[in-house]
Every structure is written in C-alpha cells, then in structure tokens.
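Here is the structure we will look at, set down as structure tokens.
Quick note: numbers below take in every heavy atom, side chains included, and nothing from hydrogens, waters or symmetry partners. Indexing begins at 1, ligand by ligand and atom by atom, following the structure's order.
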Amino acid sequence: MRLDKFLCDMQLGTRSQVREMIKKGLVSVNETIVRHPDFKLDEGNDIVTYMGNALTYQMLYYYMLHKPSGVVTATRDNHEPTVMELLPDAGGKGLFPVGRLDKDTEGLLLITNDGELAHKLLSPRKHVAKTYYAECTGELTKDRIALLESGVDIGDSDLTLPAKVKLISQSESSYTIELTIMEGRFHQVKRMIQAIGGTVSYLKRLSMGTLTLDYGLPKGSYRPLTEQEVFDLKQSLSAASAHRISDAGAGI
Ligand code: URA
C-alpha cells in the first residue's frame with residue numbers, strides 16, 4: 001500500500017495534507033524518515049510513525065449507533081434521512097448498517113465495514129438473539145405469551161421460532177414487554193404482536209447477540225465499539241458457541 005493512502009485511511013488528513021506531512025519529514029517507516037508519498041509499505045509488518053507515534057493500521061471499523069426514530073436504515077435514500085448521516089465523522093470506508101430497524105424503531109444498530117461479521121450476525125442459521133423493548137396496546141394473556149414463546153403464525157410459510165417474553169408492566173388495554181427473538185424477519189416484532197391481537201406503539205432494540213445498547217449513549221449518537229465488545233461478538237459467533245435463547249435477555 002502507498003504511504004499516503006495508509007495515512008489517509010488512518011484519518012490523519014486528506015491526501016494533500018498527508019503528502020505535506022510526509023514531505024516535511026514527519027513520517028517514518030521502520031525508524032527511517034520517508035519523504036515520498038508513493039513509498040510502498042507492507043501495512044501488516046512495517047512500523048509507521050507520525051511525529052514519533054506508532055500507527056496501527058485498522059481496516060475494520062465498528063460503531064454502536066443509538067438510532068432515533070425518523071431515519072431509515074440504509075446507506076443512501078433519495079427521500080429520507082439515513083442512519084449513515086448520523087455518523088458524518090466516523091472513520092472507515094464502506095460502512096453500512098447491520099440489519100434493519102424500521103424508520104420508527106429506535107435503539108441499537110451496529111454500523112461496520114466488516115462484511116464477514118455482518119453476514120454471521122444476519123445468518124438465519126446463527127440464530128442471533130435480538131431483544132426489543134416494546135410498548136403495545138391490547139390485552140396480554142398467559143395464552144398469548146405462550147403463543148409468542150412457542151411460535152406464532154405471522155403469515156409466512158413457517159411459524160416464528162420460539163421467543164422469550166419478559167413482562168415489564170401491564171394494564172387492561174396495554175402492556176410493555178421485552179421480547180427476545182432469534183430471527184430477523186421483516187417487521188417481525190410488530191407482526192408477532194399483531195398476530196396475538198395487539199399493536200406495537202413504541203419499539204426499541206436493546207441488544208443483538210452479546211452487544212447491548214449503551215445506556216449512556218444519547219439518542220442519535222454513536223461511539224466505536226470497545227475491543228472487548230468486538231471480541232465478544234466475534235467469539236459468540238464462532239461455530240463452537242451458539243447464543244442460546246436461555247442466555248438471551250439475561251440481565252436486561
Ligand atoms: N421488528 C419490527 O417489527 N421492527 C423493527 O424495526 C425491528 C424488529
């Protein structure tokens with residue numbers, strides 16, 4: 001990789017700014033000052049320093065976004081504001097949202113350029129648990145909870161997979177639950193609640209696999225995932241450790 005591209009990818013500046021830095025002698029490769037922007041380096045092995053600070057090349061980026069209502073989950077849209085517009089300064093090329101939250105759904109959304117991780121998180125075979133906080137209108141009976149927990153007909157060829165319901169509060173005509181599902185079908189939560197005679201009036205995703213929405217993160221804001229969060233997510237998706245429904249929602 002060219003040295004100037006490496007420095008751009010590291011967010012040190014624009015192509016012309018990093019070229020200036022290189023020409024001024026601020027950049028070293030393996031302890032030797034390099035003044036040629038087109039210098040070819042082995043980004044996996046060479047040690048690049050800028051003003052004495054070593055730079056570790058990071059190609060994969062992971063962000064937690066607290067999605068607000070009113071933005072669509074897409075990289076581009078001709079008519080609506082997108083979630084990507086909420087991360088104008090995030091480093092990393094080719095960022096995209098993992099999975100889809102409806103325009104009026106809030107909560108946890110992972111934004112990354114790691115296609116392999118996204119593929120695993122969305123794979124129907126991985127059964128990644130997703131927990132939603134849902135305020136609903138309608139009546140919630142024991143039978144209806146049992147239906148949600150065993151599998152409900154939402155008009156697809158198959159019933160939904162068993163889900164987990166945690167009752168938060170209830171009145172005669174409304175209820176609030178945390179619902180953990182192991183799939184990601186289109187409008188799944190809203191359709192499951194509809195199938196038991198209710199309507200979702202507010203929906204927020206709290207977690208996806210091992211990743212939990214950071215309560216300190218204001219709506220509309222984002223932050224990079226910690227190394228631990230990335231590690232846990234990857235670890236949980238490795239073939240040996242499937243995330244079981246009994247684990248899901250624990251501690252939420
Ligand atoms: N289920 C829904 O109905 N909507 C979402 O945004 C996510 C899950």
Short N or O distance, Lys190 and ligand 1, threshold 3.5 Å exclusive: yes
Atoms in ligand 1 flagged as close to Tyr132, the criterion being non-hydrogen separation under 4.0 Å: 7 (C), 8 (C)
Where Arg205 and Tyr132 come nearest, the two heavy atoms and their spacing: NH1-OH, 3.3 Å
Exercise: identify the closest heavy-atom pair between Ala163 and Met192: CB-CE, 4.0 Å
Nitrogen or oxygen of His187 less than 3.5 angstrom from that of ligand 1: yes
For Gln188, the ligand 1 atoms whose distance to one of its heavy atoms is below 4.0 Å: 1 (N), 2 (C), 3 (O)
Closest heavy-atom pair and its distance - Leu233, Met208: CD1-O, 4.0 Å
For ligand 1, the portion of Thr105 having any non-hydrogen atom under 4.0 Å away: side chain
Phe186 to ligand 1, any heavy atom closer than 4.0 Å: no
Which segment of Leu203 sits under 4.0 Å of ligand 1 when only heavy atoms are counted: side chain
Minimum heavy-atom distance Gln17-Thr14, with the two atoms named: OE1-N, 2.8 Å
Residues Glu116, Lys120: salt bridge by 4.0 Å N-O rule: yes
Taking atom 4 (N) of ligand 1 as the reference point, the nearest protein heavy atom with its distance: Asp102 OD2, 2.7 Å
Passing option when Pro97 is tested against Thr112, Leu65, Leu87, Thr75 for side-chain contact (heavy atoms from CB on, under 4.5 Å): Thr75
Atom 1 (N) of ligand 1: the protein heavy-atom neighbour that sits closest, reported with distance to 0.1 Å: Val189 N, 3.1 Å
salt_bridge(Lys190, Asp104) N-O dist < 4.0 Å: yes
